[in-house]
Structure formats: structure tokens, C-alpha cells
Amino acid sequence: MKVLHICYSDLNGGAARAAFRLHQALRSHGIESEMLVVDKRSDDPFVYTVSKIRKFRIKCGSFFARHILRLQHSRNSILHSMNIFPSGLVKVINKLSPDIVNLHWLGGEMLSISEIANIRQPLAWTLHDMWAFSGCEHYDDLESPGRYIIGYEKNNRNPNSFGLDLDMWNFKQKKIKWKKTKFVLITPSTWLENCLRSSYLFSNQRIETISNCIDHSKYKPLDKLFCRQVLGLPKNKKLLLFGAMSSTTDPRKGYHLLIAALNNLKKTSYIESIELVIFGASSGKIEETTGFKAHYMGRMYDDASLCLLYNAADIFLAPSIQDNLPNTLVESLACGTPCLAFNIGGMKDLIDDESLGHLVEFSKDGINFSDYIIKIIENKNEQFHIAEKSFSKRSYSNVASQYEEVYNSLLGGDYGRKL
């Protein structure tokens, strides 16, 4: 069985890293897995990148799409992708001749909506956000949610948006182009599964829920003091870790709510004993804003450094307002570090036990987040209990076996809806 994963990158971004880990898990499971990407960052010989000419073509398409999107003035500031310009990648896919094509994150005009319908191999699509069943947006508009459920019409657009409704236009293109296309849709979280089942486009397609995987030989509990020494972090402080690829600039990640929580926390006696560690940013003003000392670690890509970082922390903080199944929490739990998150998206799939951390009911001011920071700091759970629970759910072998079952059913022609 030969599986080809299609993703814009293999390491740059959460979806890319999740796709790459799945690729590695399948190969370790004995499945002939390959990846096709535009932006290759790894040295994996089974990850192929497009030619320079084709990459230039994709970059040009992305440039023009961004300018077209300026004609839509949306209140939803989350990333939008049109995928209207053909990249020609279907020819490359056919040349590689896989038995199954597993789609992942396709933004940046990697594959047009029409081209997706023209892939002739059986299709699995692992969704890392909401783009596949929405308009141009990768996550729902929180001010006017649910257009993906009832269909995009003039009367259900956010009244504060104006200009061309490209979300509606893009949605209708998907509706037309994919009318006869059969997918098996795979979601990492129960939340995204429920969104899919209620969606206008995909409610009648087959849907599976399989968690993202993690390599527990790379992400595992280590001695906390050793990790702090290697990273140059203080040994005698409670360290709160916060991070993502664009931790302080991506509005979904809730940096503004973290600030609010810390401002509330500084009123307590913990202001002298707590320090903050941030990755995904090289500098910032959080120390001036909140009074808590901060250590900025910049962008971290390699597994070894990230493993040290998670193990050095006492808590991983995830005040996201929208998220599917973030790799940061998957990594933190594999290292035995408890997590604190709002009860949104796929967070409850990860923190389903109080020994793993806490879920906080979402609030727009984020103040209640600080109460649970104290609660976790005062909790003395041992690391290995958290890591063991992570291993049982998200090990390479477990996740690869579930994907293998889906692939086998595709090769047998089973595209039926799974209830």
C-alpha cells in the first residue's frame, strides 16, 4: 500500500508537523508513506517538494489570491484561503502513482478547489481546521458563526462585514466542484467531527475521528532541573509555558487573555515565585504589562529543544479561543507536563482527566484562568501518570493502525457514511 500525503509543508506549522508525524508513524508501521509539499524543511528522503517552476507558479497564485481577498472586508481576522488558481500538482500526484491520497493543509493555492475534485485516487482528508467545509476562512466567524451549517447566503453574513462576500462565493465553488467527489474525512478531535457532521457540505460523507500522534521516544518525561540548566532557565521558580508558531500575534491563541489572567495573578503572593516562558516569539512587552519576568525562546522547530522546554515547565498554558487539537498540548502531555486550557474546540479530547490539567469555562476577560494556574501549581501530580495516558491514546503504532484500517477500507471501495 502506497500512501501520498499532500500538505503545504512538512514542518512549518501545526498542521504540517501533525501530517509529518503521521507519515513517520505509517512508515514505522510498515506502510509505504510519502509526502508532497511546497515548503520542505526536513531531510526525510520520502518527502518530495515541487519543482522551482511549479513553486513559483504556486507563489504567484497565492500573491494574486491575497490581493483578491482584500476585496472582502471581513470581521473574521483568521487566515483566509481561496484555492482558485490551478497549481498543476495533480499531474505530479499521478506521476508518483500512490494507491491512496491523504490530503492535509492545502492553503497558499497549493491545490485549487477544481484540482481536488480531479484527483483520481481514493481520497482521505485529514482536517486540521474548518476550511474544507467553510468559505475562505480557516475558522468560523465567532461574531456570526454557523454559516457552514446552513449554507452561505446574503442574509446570514456578518452585518459588520462589507465588500465582496468571497466566503459565500468560495463555498458555492466547493459545493459545485465537489458534488460528485467522495472523501473519507478524518478529524483529530470530537469537536471537529461534530462540526463536520452538522456541515452543509460534508454531513453525508464518511467521517472518522483519529487523534494526532506523537513520537514518545522524542517527547517523554525528563529531569526538570537538568532541562532548566540546559536552557538557562531559573531552577527555583514556578515556570509557566506559553507558545505556538505565532504565539503572541495569532488572535486564536489567546495571548490577550493570558495577559488578563497574569494581571489578575499578580495581585497574589505568587508574583515573586512565578516566571513566564514563551516560545514562538523572540521578544515582547509582557514583563512591562504584567510585572512577571518573561523568558522569550524564539521559534523552536526541533523536537529535542521542545522536549527540554516542556519538561522545564510546571504548566503549559493554552488560552486559545479557537483550536482543533493543538500539537503543543499533545507534546506537553507526552512530556508529563499538565496543561491548562479553555473548554473550547478539541481541548476536551486532550484534557479529559484532572490529572492532565484543567479545562476552564471560556470567558472574554480571561480572569478565571488565573485561579486554575494556582490550582495546578499547588497540585503535586507525578509526571509519568500524564505521559502514560498520552502514550495509550496517541502512540505511533496506535494511530497508524487506525489509519491503516481506513486505508484498507478505501482500497476495498468503502466510501460509505460511517454513523
Side-chain angles (χ1 to χ4, degrees), residues 1-8 15 18-19 22-23 26 31-36 81-84 86-107 110-135 138 148-152 170-190 192-210 324 399-419:
M1 181 195 304
K2 183 177 178 181
V3 180
L4 180 65
H5 300 273
I6 312 295
C7 193
Y8 192 88
L22 174 60
H23 156 70
L26 292 171
I31 294 174
E32 188 180 355
S33 176
E34 299 174 338
M35 284 190 79
L36 178 62
S81 298
M82 295 195 72
N83 289 58
I84 57 173
S87 64
L89 277 192
V90 174
K91 293 181 180 179
V92 180
I93 293 170
N94 291 335
K95 187 176 180 180
L96 291 170
S97 189
D99 298 307
I100 289 170
V101 171
N102 195 147
L103 304 175
H104 291 270
W105 198 89
L106 306 174
M110 183 180 188
L111 273 173
S112 71
I113 292 170
S114 296
E115 286 177 314
I116 292 170
N118 291 330
I119 297 173
R120 66 189 184 196
Q121 290 84 359
L123 280 175
W125 195 343
T126 303
L127 305 188
H128 302 277
D129 54 35
M130 304 174 75
W131 181 83
F133 53 90
S134 299
H138 285 258
Y148 70 90
I149 299 173
I150 57 180
Y152 287 60
N170 226 47
F171 177 85
K172 292 186 175 181
Q173 291 303 302
K174 294 173 183 177
K175 179 182 174 183
I176 295 168
K177 302 296 185 183
W178 297 345
K179 185 176 182 180
K180 297 181 180 179
T181 305
K182 293 182 178 180
F183 302 96
V184 171
L185 299 152
I186 302 170
T187 71
S189 70
T190 306
L192 196 57
E193 176 195 350
N194 292 334
C195 292
L196 262 178
R197 293 196 185 282
S198 65
S199 70
Y200 188 99
L201 285 181
F202 289 144
S203 60
N204 290 319
Q205 297 271 19
R206 179 180 168 190
I207 300 168
E208 302 280 351
T209 299
I210 306 174
N324 175 22
V399 172
S401 294
Q402 293 179 69
Y403 268 89
E404 182 180 31
E405 185 177 341
V406 172
Y407 295 153
N408 282 329
S409 70
L410 280 173
L411 293 176
D414 179 11
Y415 282 92
R417 183 184 180 192
K418 183 169 181 178
L419 300 175

Atom pair [atom1] ([X]) and [atom2] ([Y]), whose distance is rounded to the nearest 0.5 Å:
X	Y	atom1	atom2	answer
N94	R120	CG	CZ	4.0 Å
S199	I207	OG	CD1	6.5 Å
T187	N194	OG1	CG	8.5 Å
I210	Q402	CD1	CD	5.0 Å
Q173	M82	CD	CE	8.5 Å
M35	I6	CE	CD1	8.5 Å

Residues two or more places apart in sequence or in another chain: which of them pass ring pair (Phe, Tyr, Trp, His ring centres under 6.0 Å) with Y148? F133
Looking at [X] and [Y], what are the two nearest heavy atoms and their distance?
X	Y	value
K2	L96	NZ-O, 2.5 Å
R206	S409	NH1-OG, 2.7 Å
L103	I116	CD1-CG2, 4.0 Å
N83	G107	OD1-CA, 4.0 Å
S134	K174	O-NZ, 3.0 Å
H128	A18	CE1-CB, 3.8 Å

Please tell me if the side chains of S81 and H138 come closer than 4.5 Å, counting only heavy atoms from C-beta onward. yes
For residues V3 and P98, determine if any side-chain heavy atom of one lies less than 4.5 Å from a side-chain heavy atom of the other. no
By salt bridge (Lys or Arg N to Asp or Glu O under 4.0 Å) - contacts of K172 (at least two apart): E153
Is there a side chain to side chain contact (heavy atoms under 4.5 Å, CB included) between I84 and N170? Walk through the geometry before answering. CA-CA 8 Å; I84 57 173; N170 226 47; 3.9 Å; yes
Step by step, would you call M130 with L192 a side chain to side chain contact (heavy atoms under 4.5 Å, CB included)? CA-CA 8 Å; M130 304 174 75; L192 196 57; 4.1 Å; yes
So, applying side-chain hydrogen bond (donor to acceptor under 3.5 Å, both in side chains) with N102, which one of Y407, W125, Y403 is it? Y407
Answer yes or no: are there more than 12 heavy-atom neighbours, outside K91 itself, under 6.0 Å from its atom NZ? no
In sequence, state the C-alpha distance, the side-chain angles, and the governing distance for I93 and I119, and then conclude on side chain to side chain contact (heavy atoms under 4.5 Å, CB included). CA-CA 8 Å; I93 293 170; I119 297 173; 4.1 Å; yes
Whether the side chain of [X] engages the backbone of [Y] through a donor-acceptor N/O pair (distance < 3.5 Å, no angle test) should be reported.
X	Y	value
Q205	F183	yes
K175	Y200	no
S198	C195	yes

Would Q121 and L4 count as a side chain to side chain contact (heavy atoms under 4.5 Å, CB included) if you check the C-alpha gap in whole Å, the side-chain angles of each, and the deciding distance to 0.1 Å? CA-CA 10 Å; Q121 290 84 359; L4 180 65; over 6 Å; no
Can you say whether the rings of F202 and W178 are parallel (under 30°), tilted (30 to 60°) or perpendicular (over 60°)? parallel
Passing candidate, side chain to side chain contact (heavy atoms under 4.5 Å, CB included) with L196, options T209, I186, L185: L185
